[in-house]
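Have a look at the structure below, then the notes.
Letters go in sequence order (proteins before strands), and every chain restarts at 1. Bear in mind that the values here come from a model prediction, so they are computed numbers and not experimental data.
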There are 2 protein chains.
Amino acid sequence: MDNAVAALEHDRGRLGRSSTAERVADILRDRIAEGLFAPGQRLSEEAIGAALGVSRNTLREAFRLLGHERLLEHRLNRGVFVRVLSAEDVADVYRVRRVIEGAAVRNSPRAAPEAFAAIRETVADALRAAREDRWQDVGTANIRFHQTLVTLNGSPRLDETMRQLLAELRLVFHVMENPRAFHEPFVARNLELLELMEAGRVAEAERALEDYLDDAERLLVRAYTPHP
Amino acid sequence: MDNAVAALEHDRGRLGRSSTAERVADILRDRIAEGLFAPGQRLSEEAIGAALGVSRNTLREAFRLLGHERLLEHRLNRGVFVRVLSAEDVADVYRVRRVIEGAAVRNSPRAAPEAFAAIRETVADALRAAREDRWQDVGTANIRFHQTLVTLNGSPRLDETMRQLLAELRLVFHVMENPRAFHEPFVARNLELLELMEAGRVAEAERALEDYLDDAERLLVRAYTPHP
DNA sequence: ACATAAGTATTGTTCAACAATTCGACAAGA
DNA sequence: TCTTGTCGAATTGTTGAACAATACTTATGT
């Protein structure tokens with residue numbers, strides 16, 4: 001029985017999690033991710049506060065949270081705006097991804113086997129979604145692939161950093177008018193990367209990752225600048 | 001004169017940066033860094049609000065900011081506490097440092113020459129402080145060495161991540177009762193690392209960094225656990 | 001057409017109040 | 001003695017209203 005009580009320790013994380021401000025932040029984060037609030041759009045305190053039925057003070061706390069996640073931009077005395085990523089921002093995000101995901105690949109020989117199973121699951125999800133023409137879901141699965149890849153580092157902080165980077169990228173994915181053309185080619189490449197790692201061919205995996213990130217970045221910035 | 005005006009561009013960053021909440025956060029951040037607020041200590045909204053002459057709402061915004069920087073821990077309905085880093089946290093911080101600083105070293109051949117000058121300056125600062133027995137300042141210079149090292153990556157986001165990591169570490173440095181013994185040996189090793197990079201001997205530099213981080217981490221966790 | 005000034009809307013900050021939650025103390029019961 | 005229930009003080013969570021400060025817009029005068 002003492003043992004059963006000790007087991008509860010594990011569930012403690014689920015306890016604290018609530019507070020109006022955080023729940024408001026969750027809602028807004030989702031809406032931004034799905035593009036309902038477009039980048040550059042201003043979020044009025046009064047309008048949103050009224051819509052969600054929370055006071056301005058509480059809403060401002062939520063804004064602060066999202067501001068620190070770089071999803072909102074706070075301009076003094078002018079309000080909060082959905083973040084607009086510059087081409088330079090996109091380049092920087094990919095710079096960081098190369099560092100963090102590259103480290104994950106290099107660390108893959110020392111990673112726990114369960115982690116690979118989790119990665120394989122995201123590939124399966126992507127393949128299934130692709131078969132059923134759900135290209136938005138393919139994109140989501142691809143994102144989860146890379147999020148899970150980072151867990152090979154075994155570092156909660158790197159996981160959190162990656163989570164934030166991918167949230168930022170979602171701000172930009174909406175400029176791709178053709179989700180299929182953007183997401184489809186990467187499914188096979190993710191699978192290839194996974195199998196290289198499982199085979200212990202680290203150098204090749206590292207190279208595959210580099211190519212992947214180079215291509216993805218190129219596609220994004222091309223769609224981002226007025227086409228030549 | 002036109003030139004002088006153009007020079008002002010550089011100071012623009014400091015312009016937007018005001019807002020009572022942010023200034024309050026700046027103050028509290030400094031106090032925490034210098035150990036005036038000890039880890040684990042609770043920060044009362046009423047007491048601190050009264051002391052600084054700001055309202056509870058504004059203070060809470062500042063708390064949120066520092067919470068996101070991981071300097072404060074927010075426990076629902078119980079208040080905010082100065083963060084207490086576990087040994088596991090320290091290990092994770094060093095895990096991330098190995099990734100980010102390692103990438104900086106590997107990228108050093110492609111980095112701008114000015115960056116090396118900035119690094120060399122931090123070493124000079126450390127040497128000067130050591131000569132004058134200012135061991136606290138030696139520690140600060142050492143921290144700046146690594147902060148500057150990361151700029152070799154050329155990524156604002158990695159700079160910011162590093163800034164946050166080092167702020168977290170400052171929470172822990174206070175457990176070292178003998179700052180000289182802790183900081184002194186690392187000055188020479190920083191210099192050695194810098195010179196290896198400048199000579200283009202990347203592999204050796206990488207190795208030196210690994211050793212450095214291993215030793216620093218070991219010293220910290222040893223001081224952190226009740227001695228055997 | 002252009003600069004200036006007035007007016008409006010929105011954010012920044014404070015204040016006071018009340019609800020919700022935590023925590024310690026103390027009493028009731030086994 | 002130990003556990004459990006209850007009370008109450010203290011603190012945080014949230015709200016609503018108010019006013020100041022700032023940005024934006026419109027009107028005004030030259």
(request) Measure from the side-chain heavy atoms of A:N77 and tell me the nearest of D:dA23, D:dT15, C:dT13. (result) D:dA23
(message) Less than 4.0 angstrom between a side-chain N/O of A:H74 and OP1 or OP2 of C:dG12, yes or no?
(response) yes
(request) Rounded off to whole Å, could you give me the CD-to-C1' distance for the A:E45 and D:dA23 pair? (result) 14 Å
(message) A side-chain contact here means heavy atoms from C-beta on lying under 4.5 Å apart; do B:R70 and A:R157 qualify?
(response) yes
(message) Please determine whether a side-chain nitrogen or oxygen atom of A:R78 lies at a distance below 4.0 Å from atom OP1 or OP2 of D:dT22.
(response) no
(message) Which nucleotide wins on minimum distance to the side chain of A:S44, given the candidates D:dT14, C:dT13, C:dT11?
(response) C:dT11
(request) Kindly point out which of D:dA17, C:dT11, D:dT12 is positioned nearest to the side chain of A:N57? (result) D:dA17
(request) Please state how far atom CG in A:L76 lies from atom C1' in D:dC24, giving the value in whole angstrom units. (result) 15 Å
(message) Is the phosphate of C:dG12 approached by B:T58 (side-chain N or O, under 4.0 Å from OP1 or OP2)?
(response) no
(request) Could you check how far CD of A:E61 sits from P of C:dG12, rounded to whole Å? (result) 14 Å
(message) Closer than 3.5 angstrom, by distance alone: can the side chain of A:N153 be matched with the main-chain N or O of A:S155 as a donor-acceptor pair?
(response) no
(request) Go through C:dT14, D:dT14, C:dG12 for me and flag the one nearest to the B:S55 side chain. (result) C:dT14
(request) Name the closest nucleotide to the B:R56 side chain, picking from C:dA17, D:dA18, C:dT14. (result) C:dA17
(request) Tell me which nucleotide among C:dT10, C:dT13, D:dT11 gets nearest to the side chain of A:R60. (result) C:dT13
(request) Flag the pair A:F145 / A:F186 as yes when their ring centroid distance falls below 6.0 Å, and as no otherwise. (result) no
(message) Without decimals, in angstroms, what is the distance between B:E22 CD and C:dG12 C1'?
(response) 12 Å
(request) May I ask you to say what A:G53 touches in the nucleic acid, namely base, sugar-phosphate or nothing, with a heavy-atom cut-off under 4.0 Å? (result) sugar-phosphate
(request) Find the distance A:E73:CD to C:dT11:P and express it as a whole number of Å. (result) 15 Å
(message) Nearest whole Å is fine: how far is D:dA10 P from B:R42 CZ?
(response) 13 Å
(request) Report yes if some heavy atom in the side chain of B:F116 is under 4.5 Å from a heavy atom in the side chain of B:S108; otherwise report no. (result) yes
(request) Decide if the gap between the ring center of B:Y212 and the ring center of B:H146 is smaller than 6.0 angstrom. (result) yes
